[in-house]
Amino acid sequence: MKHVVMYSGGVGSFMAAKRVIETFGVAATVLLFTDTKMEDEDLYRFIKESTRYLEAEFIKISDGRDVWQVFNDVRFLGNSRIAPCTRILKQDLARTWIEKSFVPDEVVLYVGIDWTEAHRIEKIKNKWAPYIVSAPLMDEPYLSKNDIFKVLEDIGIEKPKLYSLGFSHNNCGGFCCKAGQGHFVNLLEKLPDRFAYHEKKEDEMREKLGKDVSILKKQKNNKVFPYTLKQLRVDFENKNQQIDLYDIGGCGCFIEESQCEYIVSTSSAVKIIKRYIGLLNPNY
């Protein structure tokens, strides 16, 4: 049996891989990295150092295109609802490699989501069926990103640069079409040249498609409107207080009622909620 970890270059997939190796051994573990060709340069440094430490077999695959090339080829600008870049450069590519390499009863797949993302695991499992998927970081002991940063510090590996710049992930060089206004403001502040590149590419896509489309959206009077990166930058430079700095994208597992009802219906998730409460209240 082989154990394949979807190795993204983030600290979650590193820690998931570490747990898999501790359980099943180096020889049985494979680290699979799908390169979007738009990664931060420090991601490759982190992958090199972390895979050397883990010592498991490392496989890098790539479609050959970057995110914007995919948007151009499919004639669609990715957004928080639909992300063709994720499907084409990550999911489909990994699936093709897995299916060529293993039949379902020869392998277990692992992802780096943690106990705060319990609402995601069933969808991931369904998408990969009949392959088995596991998420080691959803099991005890529960770890925060800071806990994992401390593990990296202890073994002498510097955490990826994007985390130090305030990004929640280490993918696509800080870009993500599923991210929100706050995330892109951080990109504008910390990596202005990179933001300018994505602003230019979005303008080019809008012109090519001849449509008023954008990565971001803005809500006003219960209506949703396109909100371009150019307009976000202008609003930020003019200190427009209407920018939602708390909108960083991602899940709402403790916000949306239907998702919360699902979470508390599982025994493992009850432990997660208790852990969450404990982080907020040390006396719990």
Side-chain angles (χ1 to χ4, degrees), residues 7-14 33-50 60 62-74 76-90 93 112 145 149 158-209 213-218 226-240 243-250:
Y7 206 72
S8 69
V11 297
S13 62
F14 162 77
F33 170 56
T34 50
D35 191 351
T36 66
K37 299 296 184 180
M38 207 170 74
E39 307 294 350
D40 185 81
E41 62 279 0
D42 191 59
L43 175 141
Y44 301 105
R45 185 275 311 168
F46 177 73
I47 283 183
K48 181 178 180 180
E49 293 181 6
S50 61
K60 180 171 81 168
S62 173
D63 174 276
R65 293 174 290 176
D66 67 19
V67 169
W68 286 105
Q69 288 172 318
V70 168
F71 290 165
N72 272 279
D73 289 347
V74 300
F76 186 88
L77 180 61
N79 54 62
S80 62
R81 295 185 304 106
I82 303 175
C85 48
T86 297
R87 177 178 57 80
I88 294 171
L89 299 182
K90 291 283 188 179
L93 197 62
K145 273 195 172 66
F149 293 158
E158 184 179 351
K159 67 184 178 183
K161 180 185 73 176
L162 290 183
Y163 293 113
S164 299
L165 294 179
F167 293 93
S168 61
H169 61 74
N170 189 37
N171 303 120
C172 293
F175 173 85
C176 181
C177 66
K178 285 183 170 291
Q181 297 174 30
H183 180 100
F184 277 99
V185 165
N186 189 52
L187 184 65
L188 174 60
E189 288 188 293
K190 304 295 178 54
L191 298 167
D193 290 344
R194 200 167 294 179
F195 182 95
Y197 170 79
H198 294 303
E199 178 185 322
K200 179 175 180 291
K201 299 302 286 187
E202 184 184 60
D203 280 348
E204 291 174 357
M205 276 296 298
R206 285 167 54 83
E207 183 175 350
K208 176 178 181 174
L209 297 175
V213 293
S214 62
I215 294 170
L216 297 172
K217 295 291 184 288
K218 197 173 188 68
Y227 190 41
T228 65
L229 295 180
K230 177 183 291 185
Q231 188 60 54
L232 175 73
R233 174 179 53 80
V234 170
D235 288 347
F236 180 76
E237 291 171 348
N238 291 332
K239 298 183 174 14
N240 187 329
I243 297 175
D244 186 356
L245 296 178
Y246 294 100
D247 174 23
I248 60 172

### Query
What distance separates Leu162 CG from Leu191 CG, expressed to the nearest 0.5 Å?
7.0 Å
### Closest contact, heavy atoms only, Gly173 versus Leu187
O-CD1, 4.2 Å
#### Entry: Minimum-distance pair of heavy atoms, taken over all atoms of Leu43 and Asn170
CD1-O, 2.9 Å
### Task
Could you walk me through whether Tyr227 and Ile243 pass the side-chain contact (heavy atoms from CB on, under 4.5 Å) test, one step at a time?
CA-CA 10 Å; Tyr227 190 41; Ile243 297 175; 3.7 Å; yes
### Any donor-acceptor pair under 3.5 Å from Lys159 side chain to Ser164 backbone
no
### Task
Kindly compute the distance separating NZ (Lys218) from CG (Leu232), expressed to the nearest 0.5 Å.
8.0 Å
### Side chain proximity check, Asp73 to Ile88, heavy atoms < 4.5 angstrom
no
### Query
What closest approach, in Å, do Lys145 and Ser168 show between heavy atoms, and which atom pair accounts for it?
CE-O, 3.2 Å
### Query
Heavy atoms, side chains only, cut-off 4.5 Å: are Asn171 and Thr36 in contact?
no
## Note on the structure
Shortest non-hydrogen pair, Phe46 vs Gly9, comes out as CD2-O, 3.4 Å
### Message
Quick check for you: to the nearest 0.5 Å, what is the distance between Ser13 atom OG and His169 atom NE2?
### Response
13.0 Å
### Task
Mind listing the closest non-hydrogen atom pair of Asp63 and Arg65 along with its distance?
OD1-NE, 2.6 Å
### Task
Taking salt bridge (charged side-chain N to carboxylate O under 4.0 Å, His left out) as the test, write out the residues that go with Glu41, two or more places apart.
Lys161, Arg194
### Query
What pairs of residues pass the side-chain hydrogen bond (donor to acceptor under 3.5 Å, both in side chains) test when at least one of them lies in residues 180-189, not counting sequence neighbours?
Asn186-Lys190
### Query
If you round to the nearest 0.5 Å, how far is NE2 of His198 from CG of Asp193?
11.0 Å
#### Entry: Closest non-hydrogen atom pair between Gly174 and Phe167, with its separation
O-CE2, 3.8 Å
### Message
Any non-hydrogen side-chain atom of Phe236 less than 4.5 Å from a side-chain atom of Phe184?
### Response
no
### Message
Please check if the number of heavy atoms outside Lys200 that lie under 6.0 Å from its NZ is greater than 12.
### Response
no
### Query
Between Glu204 and Lys201, does a side-chain contact (heavy atoms from CB on, under 4.5 Å) hold up when you go through it step by step?
CA-CA 5 Å; Glu204 291 174 357; Lys201 299 302 286 187; 3.4 Å; yes
### Query
What do the steps show when you test Met205 against Val213 for side-chain contact (heavy atoms from CB on, under 4.5 Å), and what is the final call?
CA-CA 9 Å; Met205 276 296 298; Val213 293; over 6 Å; no
### Query
Are side-chain heavy atoms of Glu158 and Arg45 found at a separation under 4.5 Å?
yes
#### Entry: Side-chain H-bond candidate by donor/acceptor type, Lys217 with Asn79, under 3.5 Å
no
### Task
Give the intermediate values and the outcome of side-chain contact (heavy atoms from CB on, under 4.5 Å) for residues Asp66 and Phe175.
CA-CA 12 Å; Asp66 67 19; Phe175 173 85; over 6 Å; no
### Side chain proximity check, Asp40 to Pro160, heavy atoms < 4.5 angstrom
no
### Ile47 CD1 to Ser8 OG distance, which is reported to the nearest 0.5 Å
7.5 Å
### Message
Could you measure the distance from the CG atom of Leu77 to the CG atom of Asn72? Nearest 0.5 Å is fine.
### Response
9.5 Å
### Task
Report the C-alpha distance between Glu237 and Arg233 in whole Å, list the side-chain angles of each, state the deciding distance to 0.1 Å, and finish with yes or no for salt bridge (charged side-chain N to carboxylate O under 4.0 Å, His left out).
CA-CA 6 Å; Glu237 291 171 348; Arg233 174 179 53 80; 3.4 Å; yes
